[in-house]
Amino acid sequence: MRSLLLLATLSLLPTSYLRGQPEQAAPGPDLVIIGPVLTLDESRPRASGLVIDAGRILKITDAASAYAAAGPGTRIVEVPASGVAMPGIIDSHAHLRGVGTAMRQLDLRGVESPAAAAARVKEWCAELPKDAWVVGRGWSQELWERKEFPDRETLDLVCGGRPCALRRTDGHAVWVSSRTLELAGISQGAPNPAGGEIIRDAKGRVTGVLVDKAMDLIERVMPREDDPDEIAADLEAAQEEALRLGITTFVDAGADPATLRRLADLYSAKRMKLRVHAMVSVDDEASASQVFAGPPILSAYDDRFSVRAIKLYADGALGSRGAWLLDSYADRADHQGFAILQPAFIEDVARRALKLGYQVCTHAIGDRGCRETLDAYERALDATGSHGLDHRFRIEHAQILSREDIPRFKKLRVIPSMQGCHCTSDGPWVPDRIGDQRAVGAYAWRALIDAGCIIPNGTDSPVESLSPWRNLFSTTTRFMDLPNGKREAFYPRQRMNRHEALLSLTYWGAQGSFTDDRRGKLRPGFQADVVVINRDPIKCSAWHMSRIGVVATIVAGEVVYEK
Ligand SMILES: [Zn+2]
């Protein structure tokens, strides 16, 4: 096939090339890509050939010229006729180590009842030593008939007396066995910690579900996950998964210093190819001063690794009713969720970040959490006279927004970093939590884009699947994940069109991570981060979109994954 194509293009080659002796020819560029190309660059949106050398895009051209440019040392990648080569995917919010860890823990995503979860736990325990911890994640009570939190008794029946800790799908609640509560010293009368909740039943008994900051009580007694080799193994497993799916830049939405150190080791050993824009987690003054003791890392290891962003939490999540709302939850009177970090702390971190050149990325989901974060950013910008600064502060999730706050993003130049797949997973129960009135302002991409914002898009994996293709489907259709495969969209007027959705997975992500001068589009001089897929995401059916297959992933001109 390749030689036939080559013959067909020979007649188009300049005669000087034909006369040249092969052994005298220059080795040629590193890589040539032949076939349909979708650049996402307005100056030349479509092409049929790419010439790549020394990690950069040399030429965007046609197939014949790309072939002509190839030399004996050039690798040639062919794009399937039904597919395209496009900019590598930037997942703008996911958890690198979490993706790796989840791959070796009990996976409860999609379980349809507490009993089904318990059956999986029982099966898992069969392989475990008698006193080992049972650790898993992925359950959601929203998929169950009675949409209620589970209880510890269900786990006690199957754990064989073992401590058990199962994180909710969003990572904002944990379901534990009685043995776990005992180890953690949580008695019936234990007070709720600030920013968290120990769930109790009508009689005031501790049920075995702990939300947000209350999870720390459990984490304190869980086996530590700080073995450097284990961290490295998790990171490498996550990298493999990311490259397989076509992700070339991974924005890690909150890593601890030990993980970042291990990541740096992997880069210096040339074991990491994936680019990572890391947010370092800050949850108190001690971790803040540790970060601010040094300058940000802007582009280490051939521009593959940056640590210039700080991750803060303004509130919890909607599923576990920790998201901080302006008014009460529709399904829990007199409860408005809570602040995790105080707004004054967010403001203080933002001020220091502005002075030292750090980016601040704050998790905020409820309308109150989002407003308080915008307010805190605004006060910090005022106090430091930084309104003209290219700070690229972000709000992660920005799920529920009050109408008045939407224009403030543009005004303050705050980037809403959102996740298409959260809308379609959460959509079925969001109106239960907040009522229809407020649900109109939920996952409001259209309103934000129309107000002049860009939206870096992520999967928040392991909360959701890491697949950018599933995310693309969610973002453009807003079809909810409903039982029996029914098709119903969550406020379809807020959809992104396909071009916007592709930008949200590429160029807008580069803007959200300070790399839009070299990444996120296919353009001469840009970094050669490319994904070759088997469908054209602009032209294919919506059904095909969620099933796009990756043929090859290229980072800095190197083929790092091939089907
Ligand atoms: Zn996250």
Side-chain angles (χ1 to χ4, degrees), residues 89-103 105 109 137-140 167-174 195-196 211-213 215-216 219 234-235 238 241-242 245 247 249-256 259-260 263 276-283 287 307 309-320 322-324 337 340-341 346 359-366 369-370 373 393-400 415-426 442-443 455-468 470-471 474-475 504-505 509 512-513:
I89 299 294
I90 299 177
D91 189 313
S92 288
H93 181 124
H95 300 273
L96 191 63
R97 189 177 180 207
V99 168
T101 310
M103 288 164 81
Q105 291 181 341
R109 280 180 295 188
R137 74 171 295 153
W139 60 273
S140 167
R167 282 188 190 87
R168 193 179 183 280
T169 178
D170 60 8
H172 285 267
V174 63
V211 178
D212 286 316
K213 275 287 177 197
M215 297 167 68
D216 294 355
E219 266 148 36
D234 286 346
L235 293 171
E241 184 72 356
L245 290 164
I247 296 164
T249 294
F250 194 110
V251 178
D252 191 344
D256 57 36
T259 302
L260 293 173
L263 200 48
V276 174
H277 176 81
M279 304 175 195
V280 53
S281 300
V282 162
D283 48 18
S287 48
V307 188
I310 291 170
K311 173 75 180 289
L312 303 174
Y313 279 89
D315 63 356
L318 205 57
S320 41
W324 195 13
I340 290 191
L341 293 172
I346 295 175
Q359 178 186 30
V360 179
C361 307
T362 305
H363 163 118
I365 287 185
C370 292
T373 305
F393 280 9
R394 309 179 10 162
I395 291 190
E396 303 301 313
H397 310 305
Q399 276 173 17
I400 317 294
I415 300 171
S417 153
M418 302 174 80
Q419 298 74 37
C421 48
H422 278 340
C423 167
T424 53
S425 299
D426 301 357
Y443 315 84
I455 300 184
N457 199 345
T459 59
D460 207 4
S461 190
V463 174
E464 309 269 359
S465 150
L466 188 61
S467 167
R470 183 183 172 269
N471 198 20
S474 294
T475 306
S504 79
L505 293 168
S513 54

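Because only heavy atoms are used, hydrogens play no part in the values below, and waters and symmetry mates are left out as well, while side chains stay in. In each ligand, atom 1 is the first atom listed, and ligand 1 is the first ligand listed. Worth saying up front: this structure is predicted, and the values here are computed from it rather than measured.
- Scanning both residues, Gly195 and Asp212, for their nearest heavy atoms gives O-CB, 3.4 Å.
- Ring orientation note: the planes of His363 and His397 are nearly perpendicular, at an angle over 60° on the 30°/60° scale.
- Applying the side-chain hydrogen bond (donor to acceptor under 3.5 Å, both in side chains) criterion to Ser92, with sequence neighbours excluded, gives no partner residue.
- Protein N/O/S atoms closer than 2.8 Å to the Zn ion (ligand 1), listed by chain and residue number, are His93 NE2, His95 NE2, Asp460 OD1.
- With sequence neighbours left out, the salt bridge (charged side-chain N to carboxylate O under 4.0 Å, His left out) criterion links Lys213 to Asp216.
- Residues satisfying the ring-ring contact (aromatic ring centres under 6.0 Å, His included) criterion with His277, sequence neighbours excluded, are absent altogether.
- With respect to Glu464 and Arg470, a salt bridge is recorded, a charged nitrogen being found less than 4.0 Å from a carboxylate O.
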